[in-house]
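Each remark here refers to the structure printed beneath this line.
These numbers were taken from a predicted model, which means no experiment stands behind them. In listed order, ligands and their atoms are each counted from 1.
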Amino acid sequence: MNQSKWLSPLFLLLFIGAVSAQQKTLQSVAPFKIGCAINPNLLVKNKDYKAVVTNEFNSITSENVLKFGTVHPKKDVYDFTKGDILVDYALANHKRIHGHCLAWHQSVPKWLSEFEGDSAAWENLLKTHIQTVLTHYKGKMTSWDVVNEAFFDNGAYRQDSVNAPHRYITLWRNHLGRDYIARAFIYAHEADPDLLLFYNDYNQESNPAKLKAIIAMVTDFKKRGIPIHGLGLQMHININTKDEGIAEAIKQSAATGLLVHIAELDIKANPKKDTSTVYSDSLKMLQGRKFAFVVEQYKKLVPKQQQYGITTWNVGDADSWIVELRKIKDWPLLFDDKYQQKSCYNSFYEALKK
Ligand code: XIL
């Protein structure tokens, strides 16, 4: 037998196999952008983290480093060191960059919590912060979460009374009134009219009153010509989150006509904080189904031109804020502690591909 006659087709097949195996990535099958929140410290020091981000995702969000407390640690000091690492990496690797976030009730540095001034001084502070950050990154980023988490779960504006426990209060609302939200969008648009501007919040899928309040705000903004382009559904959910709630939040957000971003997706497998929980096959299956469900509903309910993409909140389970915050074992993301694809990765991948 003439072996060489068979060898070349065989090599060709192996080569094609190897290439297509390599191409099994989220970004290669998704019909919209697939993102992750990034921690630049991990990006710099962990090559496995960097490889997964580079291969799998084509959009990135700043997890913490562009929040107020990091970027603006003192009244007259801005520190873009960490943000620049992330932005330079993303630009060099052709990834879309979504900034997070300009006005929030958390990540408040000491100087800001102690700031004293009349409402004009507070207004100037908000405007200057927004415009300094956006001017620094002008031309480099695509979009921003301008205001984050301005509502309570019951649909009330956070916080209409100054007597609430400190961690719930938003300084912005208290010093500037509810309409600081609209003005934050105006200031952002003034600084960089090319940016897509998002309002971002959580629990819309489990709290109809909150969803309703956000939709009402957007409807009002559109009437008044406030420059808002998108809604972020954080989607920090768990294996038991009701499917109907997820579908309703996506559907109503899409009905505004704005871009819809599933902006911080993670799915808790240990929602009851049970210390004896192990990551069993049945939990993995439920979690995989929920990841697939989010993708399926997003594809079905959001018109193509409004599909801004799906972003997971960091990369590997060990990097997740869920574990850090709840101080309990959990496995909320698509990659394990060693950055290997988990079974929910496969469910997510197949749903994207379908
Ligand atoms: C979280 C980060 O992931 C944590 O590392 C940090 O300690 C606190 O903030 N909703 C948001 C995000 O909009 O900014 C939060 O990120 C998670 C919940």
Exercise for the section: Determine which pairs satisfy salt bridge (Lys or Arg N to Asp or Glu O under 4.0 Å) with at least one residue from residues 299-324, sequence neighbours left out, and list them in order. Expected result: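 For residues 299-324, and leaving out neighbouring residues, the salt bridge (Lys or Arg N to Asp or Glu O under 4.0 Å) pairs sorted by first residue read Asp317-Lys342.
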
Handout entry: Pair Tyr202-Asn207, side-chain donor/acceptor within less than 3.5 Å
Key =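 No.
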
Exercise for the section: Compute whether any side-chain donor of one residue and acceptor of the other, for Asn238 and Lys272, lie under 3.5 angstrom apart. Expected result: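 Their side chains do not contain a donor-acceptor pair, so the 3.5 Å distance test is not met.
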
Handout entry: Lys75 NZ/CZ over Phe115 ring centroid, <6.0 Å and within 45° of normal
Key =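 So Lys75 doesn't make the cation-pi contact.
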
Exercise for the section: For the pair Phe68 and Trp172, name the ring-plane relationship: parallel under 30°, tilted 30 to 60°, perpendicular over 60°. Expected result: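 Rings of Phe68 and Trp172: tilted, 30 to 60°.
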
Practice task
Flag yes if Ile97 and Val44 sit in one hydrophobic cluster, no otherwise; membership is Ile, Leu, Val, Met, Phe, Trp, Tyr, and two members link when side-chain heavy atoms are under 4.5 Å apart.
Solution key: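 Ile97 and Val44: separate clusters.
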
Practice task
Tell me the residues surrounding ligand 1, counting only those with a heavy atom closer than 4.0 angstrom, sorted by chain and number.
Solution key: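 Residues near ligand 1: Glu63, Asn64, Lys67, His100, Trp104, Asn148, Glu149, Gln234, His236, Glu264, Trp313, Trp321, Glu324.
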
